[in-house]
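All remarks here apply to the structure that follows.
These numbers come from the heavy atoms of this one structure, side chains and all, not from hydrogens, waters or symmetry mates.
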Amino acid sequence: EVMESILARPIGILSLGSSTLELTAVQLRDNGRNRLPEILPDFEGSYPLGAYHMLNMSAEMEGWSLGYRDQQFRNAPKSQETALTTWLRRVQGHINQKWGNQHKDFAAVFVVGGMLKVPSVREWTRKQFRNAVIAGFDLGEHEDDCITAISQGLYRQIPQG
């Protein structure tokens, strides 16, 4: 019964990847014989605003290769706090533009992507979405699953009931 009520509402999917920010929402539709997931086009968006965009915003690292910037950020995320804060504001702007406050009606917002390895990004995600489910952290899996969830297909992470 709980699963039925959850599946009656849309599920948001937010991907915070290396190259892009991806937004979508799906809802199960009953066609009489079975229920099929249907993408809700009004909630879809793809933006070239991934981690690499954030790394290129850092004035302190200007002149260094993207690979070096990436390694430095992984070793010391706090060293890029200003760029990260600005990047998160831009991410929030795109989310607000596409989802507005309607994400509050979603059964859950599944969040995937490598930026989830940064603790402050996970904290931000939980503040933005009271119903966030963070792949690799909330599903009892390995931390790297925040990345592999994208390629495996998010449907495999959702319990079947």
Side-chain angles (χ1 to χ4, degrees), residues 2-3 6 9-26 40 43-160:
V2 172
M3 189 59 84
I6 289 173
R9 297 174 18 220
I11 295 172
I13 303 167
L14 170 64
S15 174
L16 302 171
S18 56
S19 297
T20 60
L21 160 68
E22 305 281 341
L23 299 165
T24 195
V26 296
L40 304 175
F43 295 110
E44 273 193 303
S46 179
Y47 311 95
L49 193 68
Y52 296 149
H53 180 86
M54 186 274 304
L55 290 171
N56 284 324
M57 293 168 50
S58 175
E60 301 89 39
M61 299 189 80
E62 198 172 305
W64 294 99
S65 72
L66 189 55
Y68 179 80
R69 293 176 194 202
D70 185 42
Q71 192 59 51
Q72 290 301 108
F73 179 65
R74 288 170 191 258
N75 291 341
K78 290 221 182 261
S79 68
Q80 301 304 309
E81 200 163 346
T82 301
L84 185 59
T85 300
T86 302
W87 178 77
L88 286 170
R89 280 192 201 118
R90 290 182 184 177
V91 167
Q92 184 62 53
H94 286 293
I95 293 169
N96 289 345
Q97 187 178 38
K98 257 317 169 186
W99 288 356
N101 282 327
Q102 292 176 293
H103 67 80
K104 293 178 181 176
D105 296 328
F106 291 171
V109 175
F110 284 86
V111 189
V112 298
M115 285 299 282
L116 292 173
K117 288 189 166 198
V118 180
S120 59
V121 173
R122 290 194 307 275
E123 290 169 22
W124 174 86
T125 301
R126 293 196 193 285
K127 285 179 186 170
Q128 299 307 312
F129 306 106
R130 62 168 172 65
N131 52 359
V133 178
I134 299 177
F137 295 88
D138 293 340
L139 299 173
E141 302 293 328
H142 188 269
E143 183 178 316
D144 285 337
D145 286 344
C146 62
I147 299 170
T148 58
I150 299 166
S151 61
Q152 291 173 346
L154 193 56
Y155 69 92
R156 292 182 184 177
Q157 300 286 336
I158 300 173
Q160 303 298 311

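- Arg122 CZ to Lys117 NZ: the interatomic distance, rounded to the nearest 0.5 Å, is 10.0 Å.
- Every residue meeting the side-chain contact (heavy atoms from CB on, under 4.5 Å) condition with Thr125, not counting sequence neighbours, appears here in chain and number order: Leu16, Val111, Leu116, Val121, Phe129, Ala132, Ile134.
- Judged as a salt bridge (charged side-chain N to carboxylate O under 4.0 Å, His left out), not a single pair has a partner in residues 77-89 (not counting sequence neighbours).
- Across all their heavy atoms, Met57 and Trp87 have their closest contact at CE-N, 3.8 Å.
- For Glu22, the side chain to side chain donor-acceptor pair (under 3.5 Å) partners are Thr20, Ser46, not counting sequence neighbours.
- In this structure, His103 and Gly100 approach most closely via the heavy-atom pair CD2-O, 3.1 Å.
- The structure places CD of Gln80 at 11.0 Å from OG1 of Thr86, a figure rounded to the nearest 0.5 Å.
- Counting only heavy atoms from C-beta outward, the side chains of Leu84 and Pro77 never approach each other to under 4.5 Å.
- To the nearest 0.5 Å, the span separating NE2 on His53 from OG on Ser19 amounts to 12.0 Å.
- In this structure, Leu49 CG and Leu88 CG are separated by 9.5 Å, a value rounded to the nearest 0.5 Å.
- Taking CG from Leu14 and NE2 from His94, the interatomic distance works out to 12.0 Å, rounded to the nearest 0.5 Å.
- The side-chain contact (heavy atoms from CB on, under 4.5 Å) check on Gln92 picks up Ile95, Asn96, Trp124, Gln128, with sequence neighbours excluded.
- Across every non-hydrogen atom of Glu44 and Lys98, the tightest pair is O-CE, 2.7 Å.
- Residue pairs that meet the side chain to side chain donor-acceptor pair (under 3.5 Å) test with at least one member in residues 63-75, sequence neighbours left out, are Asn56-Arg69, Asp70-Arg74, Gln71-Asn75.
- For Phe106, the ring pair (Phe, Tyr, Trp, His ring centres under 6.0 Å) partners are Phe43, Trp99, not counting sequence neighbours.
- Looking at Leu23 and Tyr47, their side chains come closer than 4.5 Å, going by heavy atoms from C-beta outward.
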